[in-house]
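Just below is one structure, and these are the notes that go with it.
Note on naming: letters A, B, ... go to the chains in the order of the sequence lines (proteins, then strands), and numbering restarts at 1 for each one.
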2 protein chains.
Amino acid sequence: MGKKISIDDIAKSLGVSKTLVSLVLNDKADKHGISPDTQKKVRDKVKELNYQPNVLARGFRLGKTNTIGVLVSDISNRFYSRIARSIEDLAWSHGYTVIICSTDEDLNKESEQIRLLRDRKLDGLIISTSQDSAEPFNKLVDSGLPHVLIDRTFEGMRSPSVSVDNFAGGRLAARHLLHQGYRKIAVIGITPDHISTINDRITGFQSALAEEGVIIPPQWIIKTPFGEMDNTIKGKLQQFYQAGAMPEAIFTLNNNLTSACMLNLRKLSIDIPGQVAIMGFDDVSFFSFTRPSISVIAQPIERISEVAFDLLLRQIEGSKISEKEKSVKLPVDIIIRESTIKS
Amino acid sequence: MGKKISIDDIAKSLGVSKTLVSLVLNDKADKHGISPDTQKKVRDKVKELNYQPNVLARGFRLGKTNTIGVLVSDISNRFYSRIARSIEDLAWSHGYTVIICSTDEDLNKESEQIRLLRDRKLDGLIISTSQDSAEPFNKLVDSGLPHVLIDRTFEGMRSPSVSVDNFAGGRLAARHLLHQGYRKIAVIGITPDHISTINDRITGFQSALAEEGVIIPPQWIIKTPFGEMDNTIKGKLQQFYQAGAMPEAIFTLNNNLTSACMLNLRKLSIDIPGQVAIMGFDDVSFFSFTRPSISVIAQPIERISEVAFDLLLRQIEGSKISEKEKSVKLPVDIIIRESTIKS
DNA sequence: AAATTTTGCTAAATCGTTTTAGTTTTTCCT
DNA sequence: AGGAAAAACTAAAACGATTTAGCAAAATTT
């Protein structure tokens with residue numbers, strides 16, 4: 001295997017200084033008046049010896065690593081894995097590598113991971129946060145580490161963010177359910193209480209219901225801890241069922257909740273949408289071939305990734321981001337399938 | 001924000017050499033006879049100044065980064081995202097960070113990524129490969145980069161590998177379908193032709209069928225390129241349908257194929273399992289609540305990850321791996337649900 | 001008391017790159 | 001010819017850690 005070729009080897013074998021080689025390799029040769037002849041000689045030698053720069057040495061010197069981090073609560077959640085996949089492709093095509101971290105909705109684990117990634121001198125971070133306030137990110141802004149928040153945001157935050165119009169999504173879902181004649185409706189989200197996406201979806205949902213005079217009783221606004229989803233849902237559904245007080249429809253606020261809800265309704269042999277209708281948030285390909293297929297509010301995953309990566313890249317490259325662009329809100333779509341249509 | 005504290009700052013503020021500080025920090029102080037008093041002083045100061053070592057500088061010096069790479073064909077495929085998630089947790093608990101790369105079943109992209117990760121001096125790689133021969137990995141063994149192949153392997157490979165007993169999985173599937181009375185059976189896998197998992201599943205499947213005198217006609221062994229799945233399956237199913245020559249059962253060789261197949265059968269309004277039974281490979285939580293729920297051969301995802309990570313860590317730490325442990329084959333389970341049971 | 005060993009510590013080299021601050025040589029101008 | 005300007009290149013420092021080789025003082029042995 002032999003030893004690795006360094007910039008010094010190139011320089012020595014050509015009888016020039018390593019400064020010169022470095023300049024050529026970094027496209028700064030013209031600026032420094034290195035003659036075209038010499039430049040060619042260097043480039044040829046680089047090819048001949050198959051020189052590969054030591055990424056670590058360069059990162060050390062420059063404090064830059066051409067690596068970005070993506071933090072999400074759980075990479076095995078389909079929504080996040082698709083986001084991660086899109087970002088990975090974009091990053092790759094721009095010469096960046098991606099480190100993915102799952103935070104398990106754990107605020108401390110997230111902070112710890114951010115600290116670690118910062119120590120590694122990552123160039124930037126794309127984060128779907130589990131924090132309970134904007135404060136850590138305002139600090140992050142001050143510290144100068146480029147980053148973009150996706151999915152979840154906070155009021156009064158100074159970090160750039162990309163999210164969807166969750167409020168509008170909630171409204172769309174509500175109007176559709178109302179239109180189908182459902183009035184007794186439950187909502188299932190996740191704790192903790194500060195997750196902006198969940199809250200916006202709920203308030204949007206409630207606002208549209210209220211316009212028709214429909215109010216959701218508090219015990220029908222269910223929130224389950226991440227990791228307890230299945231149990232909580234099973235428990236609640238059983239409770240409703242035994243009490244003979246089933247809602248006519250359920251709005252589940254992310255794709256895992258939708259899946260868990262479907263699964264447990266089936267276990268109880270409750271007919272969908274005959275006995276209970278299901279409206280989900282986040283589309284997943286298989287929702288179209290479950291029986292019944294599932295109506296959802298769909299997020300533009302590719303677009304979220306594109307905008308977020310663009311925003312991050314521009315920060316890394318040092319361009320200012322105007323206030324207007326800083327907080328992007330993308331539209332959502334409603335996809336109506338069988339789970340909300342009374343036959 | 002201030003400047004970063006370096007080891008030199010600690011040394012100066014204490015009036016000792018940075019050698020000493022470094023030794024203390026790396027737990028080599030006792031070996032070098034540094035007095036307990038001094039050690040304590042150093043550790044206290046480190047806390048006081050909140051010193052964080054520069055990971056890059058250390059990586060540069062040591063040629064080690066405490067980072068491992070995970071290469072899979074597509075991180076948004078549920079099977080791989082769960083594998084990645086498990087590995088991430090294991091790595092994290094051992095002080096390692098994970099870089100995930102999707103190779104798109106592209107042999108060249110994979111090689112390129114391995115090169116890049118190697119340049120970054122990653123400590124090791126866990127790979128579900130898209131290569132068409134063992135040769136690149138035998139080279140990788142020679143080059144001394146620790147790595148473990150998962151999922152897919154080759155005959156006569158010198159790299160450690162963890163896979164499941166795909167042949168047995170194929171047999172299980174076949175015996176179940178035979179037992180249910182199906183004889184005219186199709187198989188859907190992916191190209192290219194050298195993917196060991198696909199081939200083993202098919203040969204296992206065929207071997208068990210053959211014992212009962214059942215032969216699959218060649219045109220019923222379908223292979224689709226990655227990325228063309230949906231189209232290929234749609235086309236083939238339509239063709240069978242219009243020719244009035246539907247198989248009685250279909251064995252789909254990974255979870256995406258199963259999904260795509262379900263989706264297209266629904267579009268054609270073909271009843272499952274009434275007209276066609278479906279047997280999948282790889283379990284995904286929602287296969288239990290589709291209607292019909294889907295019978296599958298399930299792989300032990302956590303176990304694959306654990307064994308692979310253990311094998312990798314031991315290589316990184318320099319211990320030899322015996323020939324016996326080098327090629328681990330884990331058992332699979334059959335989960336029988338509705339999609340293969342005639343009502 | 002001199003020689004040896006042990007204890008506790010440090011100076012300096014090293015890793016591979018980038019960059020600052022020049023130097024040397026050639027060309028041009030008057 | 002003498003001085004200024006331009007062209008082409010380079011020496012050495014810097015980044016922050018680890019490690020090799022070894023020094024000085026104290027303790028122990030002879």
To the nearest Å, give me how far apart [atom1] ([X]) and [atom2] ([N]) are.
{"X": "A/Lys31", "N": "D/dA7", "atom1": "NZ", "atom2": "P", "result": "16 Å"}
{"X": "A/Asp30", "N": "D/dA8", "atom1": "CG", "atom2": "P", "result": "11 Å"}
{"X": "A/Leu56", "N": "D/dG16", "atom1": "CG", "atom2": "P", "result": "15 Å"}
{"X": "A/Lys12", "N": "D/dT10", "atom1": "NZ", "atom2": "C1'", "result": "14 Å"}
{"X": "B/Lys4", "N": "D/dA14", "atom1": "NZ", "atom2": "C1'", "result": "19 Å"}
{"X": "B/Asp27", "N": "D/dA17", "atom1": "CG", "atom2": "P", "result": "16 Å"}
{"X": "A/Ile34", "N": "D/dA6", "atom1": "CD1", "atom2": "P", "result": "18 Å"}
{"X": "B/Asp119", "N": "C/dG16", "atom1": "CG", "atom2": "P", "result": "13 Å"}

Look at [X] together with [Y] and state whether they make a salt bridge at an N to O cut-off of under 4.0 Å.
{"X": "A/Glu306", "Y": "A/Arg303", "result": "yes"}
{"X": "B/Asp119", "Y": "A/Lys4", "result": "yes"}
{"X": "B/Glu323", "Y": "B/Lys326", "result": "yes"}
{"X": "B/Arg85", "Y": "A/Asp104", "result": "yes"}

A/Leu71 vs A/Thr129, side-chain contact (heavy atoms from CB on, under 4.5 Å): CA-CA, chis, key distance, verdict:
CA-CA 7 Å; A/Leu71 275 80; A/Thr129 185; over 6 Å; no
Sorted by number, residues from residues 35-45 of chain A placing a heavy atom under 4.0 Å from DNA chain D are A/Ser35, A/Thr38
Using the six-membered ring for Trp and the full ring for Phe, Tyr or His, decide whether B/Phe60 stacks on the six-membered base ring of C/dC15 (centres under 5.5 Å, planes under 30°).
yes
Using side-chain contact (heavy atoms from CB on, under 4.5 Å), reason through A/Lys121 and A/Leu62 one step at a time and then give a plain yes or no.
CA-CA 10 Å; A/Lys121 302 271 186 298; A/Leu62 258 38; over 6 Å; no
Starting from the first five and the last five pairs of the helix from C/dA1-D/dT30 to C/dT30-D/dA1, work out the angle between the resulting helix axes, to 10 degrees.
60°
If you draw a 6.0 Å radius around NZ in B/Lys64, do more than 12 non-hydrogen atoms from other residues or ligands fall strictly inside?
yes
Considering only heavy atoms from C-beta outward, does the side chain of B/Ile100 approach that of B/Tyr80 to under 4.5 Å?
no
Using 30° and 60° as the class limits, which term best fits the ring planes of A/Phe309 and A/His94: parallel, tilted or perpendicular?
tilted
Contact letters for nucleotides 18-24 of chain C, in which S counts primed atoms plus P, OP1 and OP2 and B counts the base, heavy atoms under 4.0 Å:
BBB----
Donor + acceptor pair across side chains of A/Arg118, B/Gln52 (<3.5 Å)
no
Roughly how far, to the nearest 0.5 Å, is CG of B/Leu312 from CG of B/Leu90?
11.0 Å
